[in-house]
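Everything quoted here is computed from the prediction, not taken from an experiment.
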Amino acid sequence: SIIMMLCANFIISKSSSKNIIIYVVLAQWLLWLPVPFIKDLVIFMSLAFMFGMCFGLFEICINLQASKIEIREKKSMMSGFHAFWSLGVLVGSFITSIFLQLEISILINIFIYVIIMLPINLYFSFKLGEDKKTLITDKKNIFFVWPILIFLLAIIAMANALTEGSVDSWGALYMADYVKVRGFEVGIATISFNIFMVIGRLCGDWIRDKIGVFKLLIILFLLTILSLTILINFNSMMSSILGFAILGIGGSSIVPISYSLAGKIKGVDSGVGITIVSVAVYGTFIGAPASLGFVANTFGVNNVFTPTLFIFVLLLLPIIIFKKEFKL
């Protein structure tokens, strides 16, 4: 995914984000079909690599489309777009869990996905707008001296990705080993976090337009700091539900804001700005699980959230110092 993110802007310049999304939708449809029949790890890894190539391109192109819609409509919309991403994760996970519970084969699961999602994806892909070459700049790749705002957005996005990675990778273990619950209650962490992330993202654009980016970021950071403090220091069922719910709201709009602002920086190609944020986010996803696992193993699973807490506290200062940079 990251390799293709780095190449995405060049590929887009040779075609268009709309065309690439259509090609990727078709490629993913074809890649899904052999999945139930693969029994060899090397073949599976090769297929996963190709999925990653598709995902990396899709990630840049779809966020570029969203950024252009925001600019055209002259209002905040990115958080709402990302809400549907989170909603898709919730619905997809829920449906697949039901299939697993009912012992319905992965072949039928994938067949239903392809039959339902391919036509829908293609239909809406053809409705997307064509790219307009309105920005003249020589910054067509990520290798240049970044403006301070891009640097801040990349760091902020990485911090939030670390939060999401800690919940996705270690939330269930936190509930089992620290809160001492079993069965369905082990999944409360991820469920609570994702439900409130969807809610936060659905409300994020409206709040952003009312109070501005800077104030919203400060509120999100303070909520994240509060939630992490609760999760580190308390281990009851109620405190964990509350902590993960607040963490979901706190982390909801940070990445959408980063994408939105990165696509609007003067003198920097929109695709390049979005690529930088995407690489920061998914690069963190690669390293987060293992590094946080080391912390959990050494200091206790509740302290898996401690590094993230320190990072968010430290980031408050540069955000306040460079307050004017967030007014695009």
Side-chain angles (χ1 to χ4, degrees), residues 59 62-63 66-67 69-70 73 75-98 153 156-157 159-172 174-175 179 181 184-232 234 236-261 277 281 284-285 305 308-309 312 315 319 326:
E59 175 76 10
I62 205 71
N63 278 294
S67 177
I69 293 171
E70 266 198 328
E73 298 296 323
K75 63 179 181 180
S76 303
M77 301 177 74
M78 187 68 76
S79 186
F81 291 134
H82 279 247
F84 282 89
W85 168 272
S86 299
L87 194 60
V89 172
L90 272 177
V91 174
S93 301
F94 182 72
I95 292 173
T96 301
S97 297
I98 292 175
L153 293 174
I156 290 169
N160 194 71
L162 190 63
T163 301
E164 291 190 46
S166 63
V167 176
D168 291 340
S169 301
W170 301 105
Y174 172 92
M175 295 300 294
V179 186
V181 295
F184 176 78
E185 292 176 341
V186 170
I188 287 292
T190 304
I191 293 171
S192 178
F193 176 79
N194 282 298
I195 287 174
F196 280 89
M197 176 166 279
V198 171
I199 293 171
R201 284 180 169 176
L202 288 172
C203 301
D205 293 319
W206 180 81
I207 297 172
R208 175 182 165 183
D209 287 338
K210 289 290 183 183
I211 66 175
V213 172
F214 175 76
K215 288 182 180 178
L216 178 56
L217 271 178
I218 294 297
I219 291 171
L220 294 174
F221 267 60
L222 292 177
L223 286 173
T224 300
I225 290 167
L226 172 62
S227 64
L228 293 172
T229 303
I230 292 171
L231 293 171
I232 292 168
F234 300 93
S236 70
M237 174 60 76
M238 287 306 299
S239 67
S240 61
I241 293 173
L242 180 64
F244 283 115
I246 297 174
L247 187 59
I249 295 174
S252 61
S253 293
I254 292 175
V255 168
I257 286 173
S258 299
Y259 277 119
S260 178
L261 296 185
V277 173
V281 169
T284 304
F285 280 149
F305 300 109
T308 313
L309 174 61
F312 271 91
L315 280 176
I319 289 175
F326 292 94

For side-chain contact (heavy atoms from CB on, under 4.5 Å), just list the numbers for Lys215 and Arg208, CA-CA rounded to whole Å, side-chain angles, deciding distance to a tenth of an Å, and then say yes or no.
CA-CA 8 Å; Lys215 288 182 180 178; Arg208 175 182 165 183; over 6 Å; no

Show your working on side-chain contact (heavy atoms from CB on, under 4.5 Å) between Ile211 and Ile219 and close with a plain yes or no.
CA-CA 10 Å; Ile211 66 175; Ile219 291 171; 3.7 Å; yes

Evaluate Asp209 against Ser76 for side-chain hydrogen bond (donor to acceptor under 3.5 Å, both in side chains), listing each step before the verdict.
CA-CA 7 Å; Asp209 287 338; Ser76 303; 2.6 Å; yes

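Within the 4.5 Å cutoff, side-chain heavy atoms of Val181 are placed close to those of Met237. Residues Ile257 and Met78 are not in side-chain contact: their nearest non-hydrogen atoms beyond the backbone lie 4.5 Å or more apart. Taking the side chain as every heavy atom from C-beta outward, Met77 and Ile69 approach each other to under 4.5 Å. No side-chain heavy atom of Asn194 sits under 4.5 Å from any side-chain heavy atom of Leu87.
Heavy atoms only, all atoms of each residue included: Ala159 and Leu315 are closest at CB-CD1, 3.7 Å. Here the closest heavy-atom approach between residue Ser227 and residue Leu247 is recorded as OG-CD1, 3.2 Å. Listed here is the closest heavy atom pair of Gly251 and Asn160: CA-OD1, 3.2 Å. In terms of heavy-atom proximity, Ser258 sits nearest to Ile156 at OG-CG2, 4.2 Å. Between Ile246 and Leu223, the closest heavy-atom pair is CG2-O, 3.3 Å. Taking all atoms of both residues into account, the shortest heavy-atom contact from Ser240 to Val179 is CB-CG2, 4.1 Å.
Between Arg201 and the options Ser252, Ser86, Ser253, a side chain to side chain donor-acceptor pair (under 3.5 Å) holds for only Ser86. Partner Phe244 forms a ring-ring contact (aromatic ring centres under 6.0 Å, His included) with one of Phe234, Tyr174, Phe196 and no other, that one being Tyr174.
A distance-only check finds a donor-acceptor pair linking the side chain of Thr224 to the backbone of Leu220 [under 3.5 Å]. Side-chain atoms of Ser192 come within 3.5 Å of backbone N or O of Ile241 as a donor-acceptor pair.
Taken to the nearest 0.5 Å, the CD1 atom of Ile195 stands 11.5 Å off from the CD1 atom of Ile249. For the atom pair CD1 (Ile254) and CG (Leu153), the distance works out to 11.5 Å, reported to the nearest 0.5 Å. Interatomic distance, Leu309 CG to Leu162 CG, rounded to the nearest 0.5 Å: 11.5 Å. The line from NZ of Lys210 to CG of Asp205 is 13.0 Å long, rounded to the nearest 0.5 Å.
Within a 6.0 Å sphere centred on CZ of Phe214, heavy atoms belonging to other residues, nucleotides or ligands number more than 12.
Residues meeting the ring-ring contact (aromatic ring centres under 6.0 Å, His included) test with Phe221, sequence neighbours left out: Phe312. Residues forming a side chain to side chain donor-acceptor pair (under 3.5 Å) with Glu59 (at least two apart in sequence, or on another chain): Asn63, Tyr259, Tyr282.
Ser239 and Ser236 share a side-chain donor-acceptor pair at under 3.5 Å.
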